[in-house]
Amino acid sequence: DPRDQCVSARRIWKKNIYRSAQIWKDSIENARKVVLKSNLDYLEVKYEDLLENPELTITEICQYLNCDYSQSMLLFKDSVENYGDAKGLYIIKKDNYNKFKDILSAPEIKKIERITVTIMKSLKYELMNEVNQIDLNPFEQFVYQLYDFIQNYIFHIKEKGLLDGVRYLRSLSISKK
């Protein structure tokens, strides 16, 4: 759900929720375009389906991949997440969704839904508002991207210390070139 994804992006990395919603929508649209253009076969899996019924969802993935399902696929050697409410857990946290209802304000939910409505409908997410599709305008995108850039630096410097944080971020920018 893009609303929960936005909550996670803001809570953990202090990212802008509207840019996060735009990236969520654009990423799914772009992936679908590539698949369509390339005539590829693919399977979309909703995070909420995996949480609600992990065994069924993983069985469906295995059938799609034409491989055998094993109960051990539900056991984790490492923690399932490094951050957030599932940090340190070795199991799927079945109630790790719909947190947006308690965290986001009504105007925030509405704007996220406006940005993501077409994809939300195609994935059968329940909308809380009757909205029309919008995209962030170029100025909003620029301001939110700058804000996220600064927050990314702050996050990694807090995580790794000043020198290691800057080195880590430099390594990311060098690897993208």
K.L.:
Just by modelled atom types, is the Asn16 backbone N or O under 3.5 Å from a matching donor or acceptor in the Ser20 side chain?
P.N.:
no
K.L.:
When rounded to the nearest 0.5 angstrom, what distance separates CG in Asn30 from NZ in Lys37?
P.N.:
11.5 Å
K.L.:
Salt bridge or not between Glu140 and Arg19? Use side-chain N to carboxylate O under 4.0 Å.
P.N.:
no
K.L.:
Using only heavy-atom distances, determine whether the side chains of Tyr97 and Glu52 contain a donor-acceptor pair under 3.5 Å.
P.N.:
yes
K.L.:
Would the distance check show the side chain of Tyr69 and the main-chain N or O of Cys62 forming a donor-acceptor pair, the cut-off being under 3.5 Å?
P.N.:
no
K.L.:
Tell me if the NZ atom of Lys110 is crowded by more than 12 foreign heavy atoms within 6.0 Å.
P.N.:
no
K.L.:
If we only count heavy atoms from C-beta on, is the Lys15 to Tyr144 side-chain gap below 4.5 Å?
P.N.:
no
K.L.:
So, Gln145 versus Tyr147: side-chain donor-acceptor pair below 3.5 Å or not?
P.N.:
no
K.L.:
Does Gln141 reach the main-chain N or O of Leu136 with its side chain, forming a donor-acceptor pair under 3.5 Å?
P.N.:
yes
K.L.:
Heavy atoms only: give me the nearest Gly165-Lys160 pair and the separation to one decimal.
P.N.:
N-CB, 3.7 Å
K.L.:
Where the side chain of Ser38 meets the backbone of Leu40, is there a donor-acceptor pair that is under 3.5 Å apart?
P.N.:
no
K.L.:
Locate the shortest heavy-atom distance separating Tyr153 from Leu169; write the atom from each residue and the value.
P.N.:
CD2-CD1, 3.3 Å
K.L.:
Are Arg10 and Glu108 close enough for a salt bridge, meaning some N to O gap below 4.0 Å?
P.N.:
yes
K.L.:
For the pair Gln133 (side chain) and Ile115 (backbone), establish whether a donor and an acceptor sit closer than 3.5 Å, ignoring hydrogens and angles.
P.N.:
yes
K.L.:
What pair of heavy atoms forms the shortest contact from Asp49 to Thr57, and how long is it?
P.N.:
O-OG1, 3.0 Å
K.L.:
Give me the atom names and distance for the closest heavy-atom approach of Cys6 to Ile17.
P.N.:
SG-O, 3.1 Å
K.L.:
Taking Lys14 for the side chain and Arg11 for the main chain, is one N or O donor matched with an acceptor at less than 3.5 Å?
P.N.:
yes
K.L.:
Taking NZ, NE, NH1 and NH2 as the nitrogens, is one of them in Asp135 or Lys25 under 4.0 Å from a carboxylate oxygen of the other?
P.N.:
yes
K.L.:
Using 0.5 Å steps for rounding, measure from the CG atom of Asn98 to the CG atom of Asp4.
P.N.:
6.0 Å
K.L.:
What I want to check is whether the side chains of Arg3 and Thr116 have a donor and an acceptor closer together than 3.5 Å.
P.N.:
no
K.L.:
Would the number of heavy atoms belonging to other residues, nucleotides or ligands and lying under 6.0 Å from CG of Asn137 be above 12?
P.N.:
yes
K.L.:
Using distance alone, with no hydrogens and no angle criterion, decide if Tyr47 and Gln5 have a side-chain donor and acceptor under 3.5 Å apart.
P.N.:
no
K.L.:
Sub-3.5 Å donor-acceptor pair from the side chain of Ser122 to the main-chain atoms of Ile119, do we have one?
P.N.:
yes
K.L.:
In this structure, are over 12 heavy atoms from other groups packed under 6.0 Å from Phe149 atom CZ?
P.N.:
no
